[in-house]
Amino acid sequence: MNQGIDLQGSFVQALIDLGIPAGSAKALWLPLPMVLMLIAATVSIFVVVWLERKISAAAQQRIGPEYAGPLGTLQAVADGMKLVFKEDIIPAKSDPLLFTLGPVIVVIPVLLSFLIVPFGQNLVITDIGVGIFLWIALSSIAPIGLLMAGYSSNNKYSLLGGLRAAAQSISYEIPMALAVLAVVMMSNSLSTIDIVQQQSGHGVIGWNIIRQPVGFLIFWIAALAECERLPFDLPEAEEELVAGYQTEYTGMKFGLFYVGSYVNLVLSALLVAILYLGGWDFPIPIEMLANWLGVSETTPWLQIIMASLGVMMTLFKAYLLVFIAILMRWTVPRVRIDQLLDFGWKFLLPVSLVNLLLTAGLKLALPFAFGG
Amino acid sequence: MNLAEGVQLVSLLLLSAMMLGAALGVVLLSNIVYSAFLLGGVFVSISGLYILLNAGFVAAAQVLIYVGAVNVLILFGIMLVNKQRDFTPIPNAWIGKLATGVVCLGLFALLGAMVLGTPWALSTEAAAGDAAIMLIGEHFFSDFLLPFELASILLLMALVGAIILARREFLPDEDLDQPADQVLTLPERPRELVSAGSTGNTADESGDR
């Protein structure tokens with residue numbers, strides 16, 4: 001496998017050629033991918049909010065937003081501006097410090113998790129060996145923020161909502177981690193890059209969704225539950241809990257929860273795309289096409305096409321999953337809390353354990369297909 | 001000192017300060033909820049120190065297990081306990097506090113002397129880094145197999161015990177003999193409790209249905 005385009009190497013080399021010492025050149029490179037990723041996460045919120053509004057409108061035979069920007073694309077910007085200028089109310093007898101810290105702790109791990117999301121061969125902030133495990137660890141911090149928000153609001157609906165959110169997120173983390181473990185077992189690595197590498201090269205038939213259909217379903221269900229999307233949006237079930245842990249929040253603190261939930265949705269969709277849908281891999285192997293056309297893999301223009309196609313494929317797969325999540329929101333009714341916990345502990349957990357066991361057995365029996 | 005060393009030194013100092021401050025807060029603050037949240041801060045700082053020691057997997061596991069599981073469970077325990085009760089001031093409490101402080105300082109001095117006095121066999125090898133996962137796995141299934149399995153049996157026992165406590169299939173007899181006014185009630189909405197002696201009528205009614 002060739003290395004493709006090495007942006008970091010070229011950037012640092014260009015700066016060194018300009019007469020800047022190597023250390024400073026690297027230090028100048030460091031913040032760039034991080035800022036880029038923050039911008040990408042922010043833009044992804046706008047896209048998802050627009051999609052959510054438009055698809056919801058279509059599902060209910062409405063038009064949806066249409067005045068803010070062309071086709072209502074700037075509606076999310078308008079919403080965000082409104083939230084920024086809203087009065088920031090801290091309820092009386094609440095705990096102002098924890099009340100402020102809660103949303104922050106919910107959002108930071110989600111944004112940090114973008115560290116390991118690869119959009120292409122070299123388009124990733126860090127390819128660390130811990131990889132996907134880091135995301136599982138980081139996503140386990142969020143319940144603390146939810147509990148903090150629920151507790152500090154001094155409101156029983158908030159407290160119940162926070163406890164529900166934490167219980168839900170802990171329960172669905174285990175099946176999710178076990179589903180990821182089955183994938184990791186097949187690719188012999190926790191690194192997201194290696195996981196995609198192991199799936200690529202054979203087009204659609206190499207993707208993990210073919211080899212791990214059960215794992216894919218478990219992961220997707222658990223991811224929806226972690227994102228508190230319908231049918232699992234119990235923490236903010238409005239008939240029961242007003243708005244759950246968000247009840248007392250206004251202004252940008254509410255905005256942070258909002259941002260966190262949508263970024264989390266995009267992140268989960270990206271990770272499903274990476275773990276099960278082959279990441280940046282094209283459904284038909286491009287190398288094969290290039291060989292048929294007689295173009296060398298190292299041709300610069302082919303590499304640029306492949307890199308941009310990879311980013312587009314990753315985003316396309318992720319947004320396809322977001323689309324499915326939004327459709328599900330208007331298709332599936334909300335489950336009850338006892339059904340939710342029963343489903344998580346009594347169905348998903350045993351099924352994911354069996355899936356793990358089967359994967360291990362198949363890996364031993366058929367090492368060529370299941371990554372021996 | 002180059003860039004990497006500078007970043008390492010600054011993060012080491014910051015993480016140590018964070019960890020010590022948060023740990024002192026856990027012990028000294030009287031609000032137990034703050035203590036529990038600060039405990040999360042201690043765990044996160046320790047995981048940062050692991051990252052500085054080039055042990056990424058241990059750092060992630062620290063966050064997953066201690067912050068994501070242990071600390072959340074402690075918080076659950078605190079938040080599901082109903083009553084916000086103020087402690088009644090005990091006369092001469094300062095004697096107890098002083099004794100605790102002396103014992104803690106003594107323990108600190110003892111441990112500090114031990115740490116400084118022991119000739120540590122410091123390894124000069126580079127840290128395993130990303131390969132650490134494989135090494136840990138190999139150790140778990142070779143020379144550390146027994147402790148690993150024993151820990152899993154311990155956890156299983158705790159799991160079974162927790163399920164038995166939570167299911168409450170067997171109720172101790174003395175619960176039924178207690179008069180109704182001594183039964184703990186929720187502060188916001190008192191339950192209509194029927195004492196054990198006067199259940200005759202309701203039992204008959206339910207029998208009719």
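Here is how names work: the chains are called A, B, and so on, in the same order as the sequence lines, proteins then strands, and each is numbered from 1. Values below: all heavy atoms of this structure, side chains included; hydrogens, waters and symmetry mates excluded.
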Which of the residues [options] is involved in the greatest number of heavy-atom pairs with chain B at under 4.5 angstrom?
{"options": "A:P143, A:G162, A:A137", "value": "A:A137"}
{"options": "A:L159, A:L163, A:L138, A:I105", "value": "A:L163"}
{"options": "A:L101, A:D95, A:L97", "value": "A:D95"}

>> Can you tell me how far apart CD1 (A:I144) and CZ (B:F43) are? Round to the nearest 0.5 Å.
In response: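 Result: 9.5 Å between the selected atoms.
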> In Å and rounded to the nearest 0.5 Å, what is the OG to CG distance from A:S140 to B:N71?
Replying inline: 10.0 Å
> Side chain, backbone, both or neither: which part of B:A61 has a non-hydrogen atom closer than 4.5 Å to chain A?
Replying inline: both
> B:F37 versus chain A, heavy atoms under 4.5 Å apart: side chain, backbone, both or neither?
Replying inline: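 The answer is the side chain of B:F37.
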>> Can you tell me which portion of A:A142 sits under 4.5 Å from chain B's heavy atoms? Options are side chain, backbone, both or neither.
In response: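 A:A142 has no heavy atom closer than 4.5 Å to chain B.
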Heavy-atom check, side chain of [X] versus side chain of [Y], under 4.5 Å:
{"X": "A:I170", "Y": "B:F76", "answer": "yes"}
{"X": "B:Y34", "Y": "A:L98", "answer": "yes"}
{"X": "B:I133", "Y": "A:F133", "answer": "no"}

Would you say that more than 12 heavy atoms from the other residues, nucleotides or ligands in this model lie under 6.0 Å from the [atom1] of [X], or not?
{"X": "A:Y157", "atom1": "OH", "value": "no"}
{"X": "B:I32", "atom1": "CD1", "value": "no"}
{"X": "B:Y66", "atom1": "OH", "value": "no"}

> What's the shortest heavy-atom distance between B:L75 and A:L147, and which atoms?
Replying inline: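 Nearest pair, atom of B:L75 first, then A:L147: CB-CD1, 3.6 Å.
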